[in-house]
Trainee: 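Quick one: the structure is below, questions incoming.
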Amino acid sequence: MLQIQLKVRGAESRRFLPPIHTKASTRTSSSRTFPTFFLLLLFLLPARADEGMWLPMLIRQKIPQMQELGFRLTAEDIYSVNQACLKDAIVHFGGGCTGEVISAEGLLITNHHCGYGQIQAHSTVEHDYLKDGFWARTRKEELPNKGLSVTFLRRMEDVTQQVLEGVTDQMSEVERQGIIEANIKKIGEETLRGMDPGFYSVRITPAYYGNQYFLYLNQTFRDIRLVGAPPSSIGKFGGDTDNWMWPRHTGDFSLFRIYANTDNEPAEYSQDNVPYRPLHHLSISAKGVKPGDFTMVYGYPGRTQQYVLSSAVDYIANHSNPQKIHLRTLRLEVMNREQAKDQAVRIQYSNKNAGVSNSWKKWQGESRGILNANTIGKKQEFERLFQVWAEASGRQEYITLIPRMKELYKELEPYMFASEMYAEAVMAVELLRFANTLESTLVRSGTARAVEVAEDFFKDYYLPIDKEIFELLFAEFYRVMEPLGHLLPADAIHPLSSDTPLGGNPLSRDGLRFSRLAAYLYGTSALADRQKTMDLLAKDSASALDHIRQDPAFLLVSPFVEKNHTGIQPRIAEINRELNLLYRTWMQAIMEFDNNRIFYPDANSTLRVTYGTVQGYSPADAVMYLPVSTIEGIMQKDNPEIFDYNIPQSLRDIYAAREFGRWETDGTVPVCFIATNHTSGGNSGSPVLNGDGHLLGLNFDRVWEGTMSDIEFNLSVCRNISVDIRYVLFIMDKIGNAKYLIDELDIIE
Ligand code: ARG
Ligand code: GLU
């Protein structure tokens with residue numbers, strides 16, 4: 001993930017301005033001077049109807065517009081501290097996804113790809129739940145999952161005033177930050193007084209780069225059991241071929257249950273625990289969707305960057321993404337070719353391939369989307385108008401803002417780029433990453449843990465893939481880093497050169513050099529070989545460490561790790577600190593300047609509401625996509641020869657007999673749908689609700705052309721992808737024979 005800036009570190013504002021404000025004198029005078037600005041701005045970067053990720057606590061201001069689109073409930077139904085409401089059915093699942101409670105007995109639904117790790121952990125050759133699916137027939141058969149937890153938001157609060165208490169205009173940033181941190185600590189402790197810290201926690205996070213602060217009181221459950229999952233050929237149908245794409249036909253769901261102690265309170269796993277009785281659970285609408293229908297997504301989007309300067313977007317779209325994409329293309333070509341040759345290698349690299357491919361595909365869509373929408377040009381024009389306005393206002397801190405931020409971006413870029421190249425090239429070589437991890441594991445956790453790390457590594461390691469990737473990535477790495485020689489470790493590769501035919505300029509473009517280096521590295525490193533590594537780890541830990549530190553793989557990687565640690569990351573952190581402070585002022589300034597626009601805080605893994613309507617889109621000239629896919633499309637894609645499209649025979653049989661039962665709609669079964677909800681990574685598993693707050697489906701992806709929505713929401717192509725709840729029910733019923741689970745649900749037909 002790109003981190004060009006803005007890990008907001010509790011910074012906030014000297015002159016706090018609320019998001020919606022009364023006339024500031026500067027604004028009045030400048031709008032008199034430049035009356036056309038605001039008109040112009042409407043065409044530049046307006047907040048469109050469907051754009052935005054809203055804080056549940058502040059949803060009231062959006063209700064009229066939501067009602068116009070078809071929402072039939074009130075703000076209190078979405079978020080309330082006085083009564084049970086929709087928020088009480090939503091969980092942050094395992095920290096990275098969203099899930100929702102769908103029965104009075106704590107039954108929870110999320111995506112298959114969110115439960116993937118747990119399903120895999122319970123799978124063995126005899127019981128391959130990934131391949132065959134899993135359905136607990138009784139409560140006793142539900143499987144506990146070590147380390148898995150789900151978290152409910154119990155309440156949130158605007159704590160800006162308390163956090164800024166004692167902060168004055170005169171104090172230095174360091175002083176100010178100290179006060180803020182102390183206040184945050186104090187508020188957190190006070191909020192948690194009398195609560196069990198094992199199960200309750202407080203998060204206080206900045207919004208708008210520290211112009212506001214919100215407190216979240218969370219309750220975490222730690223006894224979460226696996227209840228059901230379809231076979232991967234349904235839950236991951238289409239695999240990485242269809243990932244980020246429409247039309248889509250993936251049954252991306254899995255079922256868990258939350259367990260509590262007999263007082264209905266969270267507890268560590270125990271056989272005596274009982275199903276949790278939630279404050280609220282979602283009803284399910286089996287009525288389905290049609291184009292134009294209102295939908296709302298309630299979940300935990302991870303990270304967006306809506307307000308960054310054109311420089312940041314230019315870097316992402318034109319510099320960082322293309323280079324990262326290229327490096328990943330090189331890796332994927334090798335993996336795909338080798339995986340196709342050998343069944344065992346295909347399995348070993350399936351998860352790695354999926355991981356590499358997921359962002360690879362997303363970045364392509366993102367860059368393309370940004371260029372097509374001219375996001376950079378629009379931002380530049382916005383910045384130009386802002387500058388004129390700032391100068392007319394005479395406010396020095398506004399006038400210098402953009403020039404200073406652009407300067408900082410110029411300084412940041414080479415470091416950022418180097419950091420990304422280290423991650424995407426040097427550390428993408430499995431052997432090098434392993435050498436580094438093994439050394440630090442030995443130092444920190446000792447031999448037993450190092451043996452586990454090594455076992456995990458070799459289980460899915462295929463040397464020919466890694467060796468070829470090493471050659472390709474290093475040649476490319478040195479090519480692109482040539483102008484940035486000062487950001488390379490001075491002694492890189494040299495440690496090897498005395499024993500190898502590698503003397504000379506490490507920046508040489510001679511591809512042969514890298515293939516000779518690869519032959520040497522993979523031929524002599526003990527860490528490239530399972531047995532040699534295990535023998536090495538059988539020694540006492542001091543001598544094991546000695547050996548690892550003399551190993552060519554470690555000798556090669558450690559100067560890079562060192563350089564990154566001492567010469568690159570600290571500089572990035574330093575520049576970002578200053579940038580973040582300026583972004584705090586930037587947010588105040590643009591709220592004043594562009595005062596017709598409605599602002600929402602960037603996603604930061606806190607609970608958000610987003611809404612829109614079911615709508616197709618046009619991905620290319622003369623092409624129009626419809627918004628609902630059906631089981632017919634599964635059959636069109638079905639192909640036993642192609643792994644991603646090989647469905648279970650049982651599904652073929654049901655289709656042939658057209659036994660769709662109660663889930664049949666217009667003679668078929670709807671599978672997925674797209675809508676204009678503004679979502680992001682982390683919204684996987686989020687409930688997609690209708691105007692009555694009933695569950696229509698589960699969000700699991702976005703369309704490729706619209707992944708730019710993390711930076712700019714472009715209504716013409718930004719769509720979220722959901723699996724239709726009727727397809728989920730159909731699979732539970734017909735493939736899982738899980739009628740007893742369906743009986744637990746409140747289904748509205
Ligand atoms: N693109 C979705 C997300 O970002 C789904 C990823 C999992 N599926 C896959 N085929 N790799 O998480
Ligand atoms: N699949 C993504 C996730 O796991 C959601 C897709 C997106 O980025 O919108 O969060």
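Computed over heavy atoms, backbone and side chain alike; hydrogens, waters and symmetry mates excluded. Both counts, for ligands and for their atoms, begin at 1 and track the order of listing.
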Trainee: Can you report which non-hydrogen protein atom sits closest to atom 2 (C) of ligand 1, along with the distance?
Mentor: Asp701 OD1, 3.3 Å
Trainee: Taking only non-hydrogen atoms of Gly681, do any sit less than 4.0 angstrom from ligand 1?
Mentor: no
Trainee: Cation over ring, Arg225 on Phe256, under 6.0 Å and within 45°?
Mentor: no
Trainee: Tell me the nearest of Thr241, Asn243, Asp644 to atom 5 (C) of ligand 1, using heavy-atom distances.
Mentor: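 Selected option, by shortest heavy-atom distance: Asn243.
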Trainee: Do Asp252 and His113 have side-chain atoms, one donor and one acceptor, less than 3.5 Å apart?
Mentor: yes
Trainee: Under a 4.0 Å heavy-atom limit, does Lys236 contact ligand 1 with its side chain, its backbone, both, or neither?
Mentor: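 Near ligand 1, Lys236 shows its side chain, while the N, CA, C and O stay back.
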Trainee: Suppose I only count heavy atoms of Trp244 and a 4.0 Å limit; which atoms of ligand 1 are within that range?
Mentor: 1 (N), 4 (O)
Trainee: Cationic tip of Arg726 within the cone over Phe730's six-membered ring, i.e. under 6.0 Å and within 45° of the normal?
Mentor: no
Trainee: According to side-chain contact (heavy atoms from CB on, under 4.5 Å), who are the partners of Gln323, at least two apart in sequence or on a separate chain?
Mentor: His326, Leu327, Phe417, Met421, Glu476, Arg479, Val480
Trainee: Do Asp466 and Tyr461 pair up side chain to side chain, a donor and an acceptor below 3.5 Å, judged on atom types alone?
Mentor: yes
Trainee: Just checking, is any N or O donor in the side chain of Glu366 or Asn321 under 3.5 Å from an acceptor N or O on the other one?
Mentor: yes
Trainee: I need the atoms of ligand 1 closer than 4.0 Å to a non-hydrogen atom of Gly239, numbered in the order shown.
Mentor: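 Those qualifying, in numeric order: 10 (N).
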Trainee: Which protein heavy atom lies closest to atom 12 (O) of ligand 1, and at what distance to 0.1 Å?
Mentor: His113 NE2, 3.4 Å
Trainee: Kindly tell me which protein residues have any non-hydrogen atom under 4.0 angstrom away from an atom of ligand 2, grouped by chain and ordered by number?
Mentor: His113, Trp244, Ser680, Gly681, Gly682, Asn683, Ser684, Phe700, Asp701, Arg702
Trainee: Sequence neighbours excluded, which residues qualify as disulfide (SG to SG under 2.5 Å) partners of Cys718?
Mentor: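 Checked Cys718 against disulfide (SG to SG under 2.5 Å); zero matches.
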Trainee: How would you list, by chain and number, every residue that makes a side-chain contact (heavy atoms from CB on, under 4.5 Å) with Asp456, sequence neighbours excluded?
Mentor: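 Once residues adjacent in sequence are excluded, Asp456 has no partner under the side-chain contact (heavy atoms from CB on, under 4.5 Å) criterion.
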Trainee: Asn677 pairs by side-chain hydrogen bond (donor to acceptor under 3.5 Å, both in side chains) with which of Asn683, Thr610, Thr295?
Mentor: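 The side-chain hydrogen bond (donor to acceptor under 3.5 Å, both in side chains) with Asn677 is passed solely by Thr295 among Asn683, Thr610, Thr295.
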Trainee: Tell me the protein heavy atom at minimum distance from atom 11 (N) of ligand 1, and give that distance in Å.
Mentor: Asp240 OD1, 3.0 Å
Trainee: Do me a favour and list the nearest non-hydrogen protein atom to atom 3 (C) of ligand 1 with residue, atom name and distance?
Mentor: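 Looking at atom 3 (C) of ligand 1, the protein heavy atom closest to it is Asn358 ND2, 3.8 Å.
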Trainee: Given Tyr298, which of Asn699, Val688, Thr98, Val609 fulfils the side-chain contact (heavy atoms from CB on, under 4.5 Å) condition?
Mentor: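 Of the listed residues Asn699, Val688, Thr98, Val609, the side-chain contact (heavy atoms from CB on, under 4.5 Å) partner of Tyr298 is Val609.
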